[in-house]
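Being a predicted model, the structure only gives us computed values, none of them experimental.
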Amino acid sequence: MHYQPIIDFIRSLYPGKETIPLHEPYFGGNEKKYVLDCIETNYVSSVGKYVDRFEEMIRDFTGAKYATATVNGTAALHIALKLAGVQPGDLVITQPLTFIATCNAITYCGAEPVFVDIDAETLGMSPDSLESWLEENVDMVDKGLEGLETLHSILSQPSQPFLSIHKATRRHISACVPMHTFGHPFKIDRIVDICNRYHIPVVEDAAESIGSYFKGQHTGTFGKLGILSFNGNKTITTGGGGMILTDDDELGPLAKHITTTAKKPHPWKFEHDMIGYNYRLPNINAALGCAQMEILPDILKNKRETARKYQEFFKKIDDIEFISEPSDSISNYWLNAILLKDYEERDQFLDYAYSQKVMCRPAWTLMNKLPMFKLCLNPRLTISEEISSKIINIPSSYNNKRY
Ligand SMILES: Cc1ncc(COP(=O)(O)O)c(C=O)c1O
């Protein structure tokens, strides 16, 4: 295939740049002003007004009842999983096509991932794969049996009569972590319905999907808990940062408490009532976040316009399929993606794009292929294998060129 027209088109979207990054931050608002305010007032660290303001802006934007800012999305996931009740030795269901952070956070809890396949339309967890795996592999047991009663006591989870136990290993399946890949919403309503039937809490990895909606509701707000990331490569950034979202009146305040070293509020006493984490987002990062939230609607509009242009362009190119937002969804199009014919074509295209200084990249290596996770349960991952062999991300930054 002749790749030059594709490179030329990408260059026409981002004119005047020698190297075109995959995704760079855009600071078009009050970023400097707010960061300078932190420096001038000395409030750069764990105290200051911007964290509260940033959390409030995220609550307003997403509709979540509680939002707790953290140092990064991985820390947010770690704590969200703990709050969901994940304990050492448990199994946690996730998808193989995700960034390593999803599986790392599961491992930080002492649990182990189980991989179920993705859906070809959404690139997120397939409800059918999830349901059939649960049907074949799960025993619902009374919580009092098998010594499992203590599992949830640490975080005083509301009592639930049954737990899902993996038939072959007798391990508790204590959470499900689906992910909104590249910002495209997956069928979260069905995933939540299925998990509810099995009493498995959903922790929604919405790290990539701020500004993405499924059936009109913001991603990250369907599960028991959800998380966002504000890493430098995301739609908006705080340098590094994350957010825990929940509507749960017990878990919301607990998320704040546990990420701020579990210190009991007092003007001068240092008393801590449980093992906590120093995961609070510094004020100076939150200042950046407030400024970014102010321009988020413009960024989303701009990125969706770029996606529309890509979509139109790739209609004319044989053997390449542009990944469009799934049905019932509005996508932030964090990273635009295309499917090439096969992995040979994919690698040839990547080689050529790099030689032309246009930063494209393949999807992450599937989690079940990594040495740490290759022994985890991973039934029938046909769609994940197929898609990961031929998908690439193409430059998707905010486009400074006015439309
Ligand atoms: C799917 C997914 N989960 C979790 C994370 C972790 O976020 P962070 O890099 O902020 O720790 C990221 C992004 O980096 C991600 O893409």
Side-chain angles (χ1 to χ4, degrees), residues 73 77 80-81 84 86 90-106 111-138 164 166 173-209 212-215 217-229 245 323 325-329 331 334-335 337 363-369 373 376-388 391:
L77 259 179
L81 286 163
V86 176
D90 287 352
L91 296 176
V92 172
I93 303 168
T94 190
Q95 59 195 64
L97 184 75
T98 187
F99 178 56
I100 187 74
T102 316
C103 292
N104 280 345
I106 293 169
E112 204 175 274
V114 174
F115 300 109
V116 300
D117 211 355
I118 58 164
D119 181 273
E121 186 203 1
T122 67
L123 310 181
M125 186 178 285
S126 151
D128 292 339
S129 304
L130 173 67
E131 194 165 32
S132 66
W133 188 80
L134 289 169
E135 271 166 14
E136 281 165 34
N137 289 283
V138 163
S164 276
H166 181 235
I173 300 159
S174 55
C176 175
V177 193
M179 198 275 280
H180 299 283
T181 309
F182 308 142
H184 296 309
F186 59 85
K187 296 177 179 113
I188 178 68
D189 55 349
R190 275 199 64 206
I191 298 281
V192 169
D193 277 354
I194 295 164
C195 286
N196 282 348
R197 283 209 313 273
Y198 285 86
H199 302 279
I200 298 173
V202 174
V203 175
E204 222 180 313
D205 187 342
E208 305 178 354
S209 64
S212 298
Y213 298 81
F214 181 75
K215 295 188 176 169
Q217 185 175 330
H218 198 281
T219 52
T221 65
F222 289 80
K224 192 164 189 66
L225 297 124
I227 72 100
L228 304 171
S229 164
L245 307 177
I323 305 281
E325 67 194 350
S327 50
D328 294 325
S329 298
S331 175
W334 169 52
L335 287 186
W364 315 277
T365 299
L366 293 180
M367 293 298 113
N368 57 301
K369 299 263 165 86
F373 303 119
C376 296
L377 297 164
N378 56 2
R380 292 188 300 277
L381 302 177
T382 334
I383 310 277
S384 305
E385 302 270 359
E386 160 88 14
I387 286 185
S388 71
I391 198 165

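- Distance check, rounded to the nearest 0.5 Å: CD1 of Ile227 to OG1 of Thr102 gives 7.5 Å.
- For the atom pair Cys195 SG and Leu130 CG, the distance stands at 5.0 Å (nearest 0.5 Å).
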Run Ile118 and Thr181 through side chain to side chain contact (heavy atoms under 4.5 Å, CB included) and show every step you take.
CA-CA 10 Å; Ile118 58 164; Thr181 309; 5.8 Å; no

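- Taken to the nearest 0.5 Å, the NE2 atom of His180 stands 9.0 Å off from the OG atom of Ser329.
- Not counting sequence neighbours, the partners of Glu386 by the side chain to side chain contact (heavy atoms under 4.5 Å, CB included) test are Lys390.
- In this structure, the side chain to side chain contact (heavy atoms under 4.5 Å, CB included) partners of Asp189, at least two apart in sequence or on a different chain, are Lys187, Phe214, Lys215.
- Within the 4.5 Å cutoff, the side chain of Trp133 has heavy atoms near those of the Ile93 side chain.
- In this structure, a donor-acceptor pair under 3.5 Å is absent between the side chains of Ser212 and Ser209.
- Listed by chain and residue number, nothing satisfies the side-chain hydrogen bond (donor to acceptor under 3.5 Å, both in side chains) test with Ser164 (two or more places apart in sequence, or in another chain).
- Under the 3.5 Å distance criterion, the side-chain polar atoms of Ser384 are left unmatched by any main-chain donor or acceptor of Thr382.
- Applying the salt bridge (charged side-chain N to carboxylate O under 4.0 Å, His left out) test to Asp328 and every residue at least two apart in sequence or in another chain returns nothing.
- Pro113 and Ile106 make their closest contact through N-CG2, 3.8 Å (heavy atoms, listed as atom of the first residue, atom of the second, distance).
- Listed by chain and residue number, nothing satisfies the salt bridge (charged side-chain N to carboxylate O under 4.0 Å, His left out) test with Glu135 (two or more places apart in sequence, or in another chain).
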Starting from the C-alpha separation in whole Å, work towards a yes-or-no answer on side chain to side chain contact (heavy atoms under 4.5 Å, CB included) for Glu208 and Leu335.
CA-CA 9 Å; Glu208 305 178 354; Leu335 287 186; over 6 Å; no

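- For Asp117, there are no salt bridge (charged side-chain N to carboxylate O under 4.0 Å, His left out) partners, not counting sequence neighbours.
- Applying the side-chain hydrogen bond (donor to acceptor under 3.5 Å, both in side chains) rule to Ser388 yields no partners; only residues at least two apart in sequence or on another chain are considered.
- The CZ atom of Phe186 lies 6.0 Å from the CD1 atom of Ile191; values are rounded to the nearest 0.5 Å.
- A donor-acceptor pair shorter than 3.5 Å can be found between the side chains of Glu121 and Ser327.
- Within the model, atoms CG of Leu245 and CD of Glu204 stand 8.5 Å from one another, a figure rounded to the nearest 0.5 Å.
- Qualifying side-chain hydrogen bond (donor to acceptor under 3.5 Å, both in side chains) partners for His184, counting only residues two or more places apart in sequence or in other chains: Ser331.
- Listed by chain and residue number, nothing satisfies the side-chain hydrogen bond (donor to acceptor under 3.5 Å, both in side chains) test with Ser132 (two or more places apart in sequence, or in another chain).
- Under a 3.5 Å cut-off, the side chain of Gln95 and the backbone N or O of Met179 do form a donor-acceptor pair.
- Residues satisfying the ring-ring contact (aromatic ring centres under 6.0 Å, His included) test with Phe182, not counting sequence neighbours, are Trp364.
- For the pairing with Ile194, the side-chain contact (heavy atoms from CB on, under 4.5 Å) check across Ile200, Val202, Leu134 returns one residue only, Leu134.
- With sequence neighbours excluded, the residues satisfying salt bridge (charged side-chain N to carboxylate O under 4.0 Å, His left out) with Glu131 are Arg190, Arg197.
- With sequence neighbours excluded, no residue satisfies ring-ring contact (aromatic ring centres under 6.0 Å, His included) with Phe373.
- Rounded to the nearest 0.5 Å, atoms CD1 (Ile323) and CD1 (Ile391) are 4.5 Å apart.
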